[in-house]
Amino acid sequence: MLPTAFGSQKKKTASSDIFSKTRRKDEHEEIKLSTSDQIAKSKRIKYAHEDNETSHVDRVDEQSEETDYDDDDDENEEDNEFDTLPISHEIKLNDHYKSVSALTLDPAGARLITGSYDYDVKFWDFAGMDSTFRPFRTIKPCGDHQIHHLEYSLSGDQFLIISGTAQAKLYDRDGFEIEEYIKGDPYIRDMRNTNGHIASLTCGGWHPNDRQTFFTGSADSTIRIWDVENKRKQKHVLVHKSKERGGRSAITAACYSLDSKFLAGAAQDGCLFLWGANGPYTRPSHMIEKAHQPHSETSSIIFSRNNWSMVTRGGDDCVKVWDVRNFKSAVAQAKELPSFNAETNVIFSPDERMIITGTATKKGEGYGKLVMMDRESLEIVRTMSITKSSVIRVLWHSRINQIVTGSADGLVHVFYDPAISVRGAKLCVVKEPKRRAIDDYEINRPIIAPHSLSMFRDDRPKSTKRKREKLRKDPVASRRPDLPVNGPGKGGKIGSSLTQHIMKELIKDTTRDEDPREALLKFAEISKSDPQWIGNAYQETQPKPILADTTGEDEEEDQK
């Protein structure tokens, strides 16, 4: 018999048993509209992105299913209406411990970045992640400031970080900082005359066509448009002049239209306004007062692909649809959608048939839900119970056809369908964790090193660094030799204290005025009576000196 490893081996495909482990179990799911009503309003969902044509590659017996689909009657079509939503399976990314307030996927849908109230930004790579679902990198980019918004650039090579600081940051896709933009002068009253924001950021985003331009909104009542290459000054400043006391109201949400003709913004005083993206930026072209309840945070604004339909998510528990062509009142409105967080967003489905948002709930009082509404009437089509906490962020990526949600309990849910979803979570679900090697083992008992035994243990305390540094500075304990003497002094010592200087001035030294011969003769008698050195050795043997009676000087005087 041949060994099993002989010859080329056929690559095994992922079986349905692996995906069945992640099948979603939702006992609290509700369908508000009947299936017949839903079909009457629109046809079967067809996703806009061309790459979704490849989503059927992984489907089992694709040809047979296509044949069956052609022969289906109306009843089967009604039964499969909701099967096109990628919500049959889910995985949970559990690494944050506080509310997940920001989500972004790169244009290819390969890498997910999450931000949270725990100040961390985590990187998840679907292709490199296994079934343990762990992030490959965690950074803390803004210190102890909450992350409000994350967004990939158009090319996906960098992303923008909007946090509780007054400075936006730009990072590359691997988590390394590129730029930190300037902070403004808080002592300048006119916001047009300062470069940068002076209060915490609340929102931000990229220009839909220009990869070198992005905008930021702040609590200082301004929206600033930036050039990526210039971190010292913004390109344009849009100032919202509120009618409330002080003339300022925090900008809570902003968004470009997809054709980049409008820049919409919402303020905390309830105003909703539109600016021409090409200027002038002196005042908004359209403005509605009390579009949402004043002093509530309008947390999200989005534009449709038709560039005239706009949707807002208010802190007054409402979702409203607006028509830019007749910007006076809301076209449609949905109420009783609780929102507790300033980052709660609203999105369109990829085909823009539905509007999707998350709802909030108090702790222990129910489930946070994902609500899907019909775009035209804002009637609830379907609700999904996600977790026993508020659903803050929602993201539906059209290329991989998967839905991502961020909750207040720190969980990130990724919903997918093995039949119609592409890559993304499907890549990591089928990848088993790395098996432990044979020589890899763990011992439950403590390991005792020889030097940890009492007979080898040193009596020194565990941490002696500070003590050793202190002894090193002590000249006596460290036995430091005397330092070389420099400068004027006496006896090898330098008088440096104030007392020595004063005493030196008061007591005059008269040593230089004294006769050296007389000074030596003072010790003549002492040296004879008590010799200390070699005087005793030569006292008896030393010859007696014979001195002349007269000197040469005396003889010269006598001759004269």
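All residue numbers refer to positions in the sequence shown, counting from 1.
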Basic-acidic side-chain contact under 4.0 Å: Arg134, Asp95: yes

Does any N or O in the side chain of Thr359 come within less than 3.5 Å of the main-chain N or O of Lys369, such that one atom is a donor and the other an acceptor? yes

After noting the C-alpha distance and the side-chain angles of Val404 and Val412, does the key distance pass the side-chain contact (heavy atoms from CB on, under 4.5 Å) rule? CA-CA 7 Å; Val404 186; Val412 177; 3.7 Å; yes

Report yes if some heavy atom in the side chain of Ile178 is under 4.5 Å from a heavy atom in the side chain of Gln158; otherwise report no. yes

Does a side-chain heavy-atom distance below 4.5 Å link Ile420 with Leu85? no

Indicate the ring-plane relationship of Phe262 and His286, choosing parallel, tilted or perpendicular according to the 30° and 60° boundaries. perpendicular

Given side-chain contact (heavy atoms from CB on, under 4.5 Å), test Tyr152 with Leu105 step by step and report yes or no. CA-CA 7 Å; Tyr152 265 109; Leu105 272 164; 5.6 Å; no

Is Asp157 salt-bridged to Arg211, cutoff N-O under 4.0 Å? yes

Is any side-chain N of the basic residue among Asp120 and Arg137 closer than 4.0 Å to the acidic one's carboxylate O? no

With a 3.5 Å distance limit and no angle check, can you tell me whether Thr357 reaches the backbone of Val346 through a side-chain donor-acceptor pair? no

Any side-chain donor near an acceptor of the partner, His96 and Thr114, under 3.5 Å: yes

With Tyr117 as partner, the option from His145, Lys98, Glu343, His148 fulfilling side-chain hydrogen bond (donor to acceptor under 3.5 Å, both in side chains) is Glu343

State yes or no: are the ring centers of Phe123 and Phe159 separated by less than 6.0 Å? yes

With a 6.0 Å cut-off (strictly less than), is the heavy-atom count around NZ of Lys261, excluding the residue itself, greater than 12? no

Would you please test Tyr367 and Thr361 for side-chain contact (heavy atoms from CB on, under 4.5 Å) and show each step? CA-CA 6 Å; Tyr367 284 82; Thr361 182; 5.8 Å; no

Is it true that His240 and Asp269 share a donor-acceptor pair across their side chains at a distance under 3.5 Å? yes

Just checking, is any N or O donor in the side chain of Asp316 or Ser296 under 3.5 Å from an acceptor N or O on the other one? no

Quick one: do Arg111 and Asp174 satisfy salt bridge (charged side-chain N to carboxylate O under 4.0 Å, His left out)? Show the steps, please. CA-CA 10 Å; Arg111 183 166 293 183; Asp174 294 322; 3.2 Å; yes

Do you see a donor-acceptor pair shorter than 3.5 Å between the side chains of Thr216 and Arg224? no

Is the Phe214 ring parallel, tilted or perpendicular to the Trp226 ring (thresholds 30°, 60°)? parallel

Testing the 3.5 Å rule here: is there a donor-acceptor pair between the side chains of Ser99 and Ser101? no

Sort and list the pairs that fulfil salt bridge (Lys or Arg N to Asp or Glu O under 4.0 Å) and have at least one residue in residues 286-300, not counting sequence neighbours. Lys243-Glu289

Is there a side-chain contact between Leu272 and Thr312 (heavy atoms, below 4.5 Å)? yes

Parallel, tilted or perpendicular for Trp275 and Phe273, by the 30°/60° rule? perpendicular

Test: Arg375 and Glu352 ion pair at under 4.0 Å: yes

Got a donor-acceptor contact below 3.5 angstrom from the Thr202 side chain to the Ile251 backbone? yes

If you measure from the Lys or Arg side-chain nitrogens to the Asp or Glu carboxylate oxygens, is any gap between Arg173 and Asp106 under 4.0 Å? yes

Dump the intermediate steps for side-chain contact (heavy atoms from CB on, under 4.5 Å) on Cys142 and Lys169, then the final yes or no. CA-CA 9 Å; Cys142 303; Lys169 289 190 175 183; 4.2 Å; yes

Can you tell me if Ser88 and Tyr416 form a side-chain donor-acceptor pair at under 3.5 Å? no

Partner set under ring pair (Phe, Tyr, Trp, His ring centres under 6.0 Å) for Tyr256, not counting sequence neighbours: His207, Phe215

